Amino acid sequence: MSDVTLREVVDALETLYPPDSAADWDQVGLVTGDLDQPVRRIAFALDPTLAVIEEARDWDANLLVTHHPLLLRGVHSVATTSAKGASVTHLVVSDIALYVAHTNADVADPGVSSVLADALGLTSQRPLTTIGPYAAGRVGELSSPVSLAEFADAVAGALPPTAGGIRVSGDPEGMVRSVAVMGGSGDDQFEAVRASGADVYVTADLRHHPVLEAREEARGGTPYLIDAGHWATESLWLASAERRLLAELEEDPSAPARVETRISSIRTEPWTFVVAANSAGLGADSPGGVS
């Protein structure tokens with residue numbers, strides 16, 4: 001039984017997540033590695049942090065597949081005096097290839113947002129918007145209407161737990177059925193959300209001014225907003241990527257495995273704890289973001 005080469009794995013990943021579908025500012029594809037090297041163990045993680053790389057090394061991984069790029073912006077040194085330099089050095093010294101699928105995984109189908117929509121139980125899914133020629137985000141329907149508070153609880157239950165939890169803007173008793181989602185940062189899509197007719201928008205990295213303006217436009221009504229965290233809304237994609245890659249490599253479950261895979265156990269969201277949530281007295285009866 002011949003070894004799988006990195007070239008074969010890269011070809012499979014680029015079939016699933018074509019690099020030319022990535023945003024023009026993005027840096028995707030192979031970062032380190034020799035295309036002819038054998039690949040027996042593949043680790044998946046959202047971020048190529050030092051801890052994730054160490055975990056991959058301790059597992060004797062030959063390839064680390066991440067969603068977020070390691071070298072999105074230019075660097076002029078890979079000395080271990082910087083975290084970026086140490087990351088590259090540790091990958092190379094440990095003979096671990098690094099492959100990144102970022103915005104090309106965002107617009108894939110299934111991709112980051114469709115996996116999130118599936119996790120929330122949305123049916124009749126359609127694109128929320130387009131980025132260039134590619135569909136991005138999802139809009140779908142719940143099986144029956146629920147209150148915003150109930151839906152927020154369902155979101156919390158569907159996603160991995162985080163330090164920051166779920167932030168919600170809207171009437172807790174307001175009813176929602178149509179849901180828009182965008183995994184990762186999504187506060188540049190409020191116009192598309194309004195056009196979609198969604199009752200609530202689930203995304204991450206919501207900033208003060210865009211959110212305040214969006215809630216002012218809603219006059220206290222829909223679309224309500226849920227910030228579920230960047231890491232949480234995107235990390236569900238890893239299991240999908242793992243399954244799809246093994247299928248693309250035509251791994252036979254009944255035969256001895258040519259490659260092993262695992263998803264990193266390390267939570268790479270940067271937050272560790274919160275203090276005094278809701279201490280301002282904005283309780284369940286406050287719609288938030290309304291003047």
Side-chain angles (χ1 to χ4, degrees), residues 3-14 17-106 112 160 162-164 183-185 204-205 207 229-235 237-238 241-242 245 259-273:
D3 286 332
V4 176
T5 66
L6 179 59
R7 188 184 308 275
E8 290 177 79
V9 181
V10 167
D11 286 345
L13 285 166
E14 295 189 347
Y17 311 108
D20 60 6
S21 66
D24 57 9
W25 52 262
D26 204 4
Q27 300 294 335
V28 302
L30 190 63
V31 179
T32 63
D34 179 343
L35 287 172
D36 293 322
Q37 73 185 71
V39 173
R40 301 182 184 91
R41 287 186 166 183
I42 305 172
F44 292 81
L46 203 67
D47 300 279
T49 63
L50 287 165
V52 166
I53 293 169
E54 182 178 0
E55 180 188 57
R57 183 196 63 198
D58 290 345
W59 186 55
D60 292 326
N62 311 112
L63 171 62
L64 173 61
V65 177
T66 67
H67 181 50
H68 292 141
L70 174 62
L71 302 174
L72 184 59
R73 297 174 179 83
V75 297
H76 305 287
S77 168
V78 293
T80 58
T81 49
S82 73
K84 294 289 186 184
S87 297
V88 174
T89 298
H90 293 167
L91 286 165
V92 172
V93 169
S94 302
D95 202 22
I96 301 173
L98 172 64
Y99 189 92
V100 173
H102 189 210
T103 52
N104 48 331
D106 289 334
V112 171
T162 65
S185 303
D205 296 345
R207 296 168 295 168
H230 199 120
W231 178 81
T233 58
E234 291 190 328
S235 61
W237 168 78
L238 297 171
E242 179 186 39
L245 177 59
V259 295
E260 294 180 70
T261 59
R262 70 186 298 183
I263 296 172
S264 174
S265 62
I266 297 173
R267 191 191 75 201
T268 56
E269 69 159 345
W271 309 111
T272 52
F273 63 94

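If you read the sequence from its start, that first residue is 1, and numbering goes on from there. What you see is a predicted model; the values in this text were computed from it and never measured.
- Here the shortest heavy-atom pairing between S235 and A232 reads OG-O, 3.5 Å.
- D34 places a side-chain N or O within 3.5 Å of a backbone atom of D36 that can act as its donor or acceptor partner.
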*asked:* Apply side-chain contact (heavy atoms from CB on, under 4.5 Å) to residues L245 and T261 and explain how you reach the verdict.
replied: CA-CA 10 Å; L245 177 59; T261 59; 5.6 Å; no
Under 3.5 Å, sequence neighbours excluded: what are the donor-acceptor pairs made by side chains of residues 53-60?
from	atom 1	to	atom 2	distance (Å)
E55	OE1	S264	OG	2.6
E55	OE2	S265	N	3.3
E55	OE2	S265	OG	2.7

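- We find the CD-CD1 distance between E242 and I42 to be 9.0 Å, quoted to the nearest 0.5 Å.
- The six-membered or imidazole ring of H67 lies away from that of H230, with a centre-to-centre distance of 6.0 Å or more.
- Side-chain contact between R40 and V259 is absent, with no heavy-atom pair separated by less than 4.5 Å.
- With contacts defined as side-chain heavy-atom distances shorter than 4.5 Å, the pair V9/Y99 does not qualify.
- The ring of F44 has its center no closer than 6.0 angstrom to the ring center of W237.
- A pairwise comparison of heavy atoms in V112 and G183 identifies CG1-CA, 4.0 Å as the closest pair.
- At a threshold of 4.5 Å between non-hydrogen side-chain atoms, the residues V28 and P69 do not count as touching.
- Atoms CG and CG, from L98 and L63 in turn, are 8.0 Å apart once rounded to the nearest 0.5 Å.
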*asked:* K84 vs L70, test: side-chain contact (heavy atoms from CB on, under 4.5 Å). Steps then yes/no.
replied: CA-CA 7 Å; K84 294 289 186 184; L70 174 62; 3.9 Å; yes
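- Put simply, the side chain of T66 does not reach to within 4.5 Å of the side chain of D47, judged on heavy atoms.
- Checked by atom type and distance alone, the side chain of T89 pairs as donor or acceptor with a backbone atom of V78 at under 3.5 Å.
- Exactly one of N62, L6, V4, D3 qualifies for a side chain to side chain contact (heavy atoms under 4.5 Å, CB included) with P38. That residue is D3.
- Note: L64 CG to I96 CD1 = 7.0 Å, rounded to the nearest 0.5 Å.
- Annotation for Y17 and A105: closest pair CD2-CA, 3.8 Å, computed over non-hydrogen atoms.
- Between T5 and Q37 the shortest side-chain heavy-atom distance does not fall below 4.5 Å.
- Using a 4.5 Å cut-off on side-chain heavy atoms (C-beta onward), W231 and P270 make no contact.
- When every heavy atom of I266 is checked against every heavy atom of A51, the shortest pair comes out as CD1-O, 3.3 Å.
- In this structure, NE2 on H102 lies 8.5 Å from CG on L46, to the nearest 0.5 angstrom.
- Side-chain contact between E14 and N104: absent, with no pair of heavy atoms (C-beta onward) separated by less than 4.5 Å.
- Side-chain atoms of S82 come within 3.5 Å of backbone N or O of G85 as a donor-acceptor pair.
- Between the side chain of D26 and the backbone N or O of T103 there is at least one donor-acceptor pair closer than 3.5 Å.
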*Please assess E234 against H68 for the test side-chain hydrogen bond (donor to acceptor under 3.5 Å, both in side chains), listing each intermediate value before the final yes or no.*
CA-CA 10 Å; E234 291 190 328; H68 292 141; 2.8 Å; yes
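- The two residues P48 and S87 come nearest to each other via the heavy atoms O-OG, 4.2 Å.
- Closest heavy-atom contact between A204 and T233: CB-OG1, 4.0 Å.
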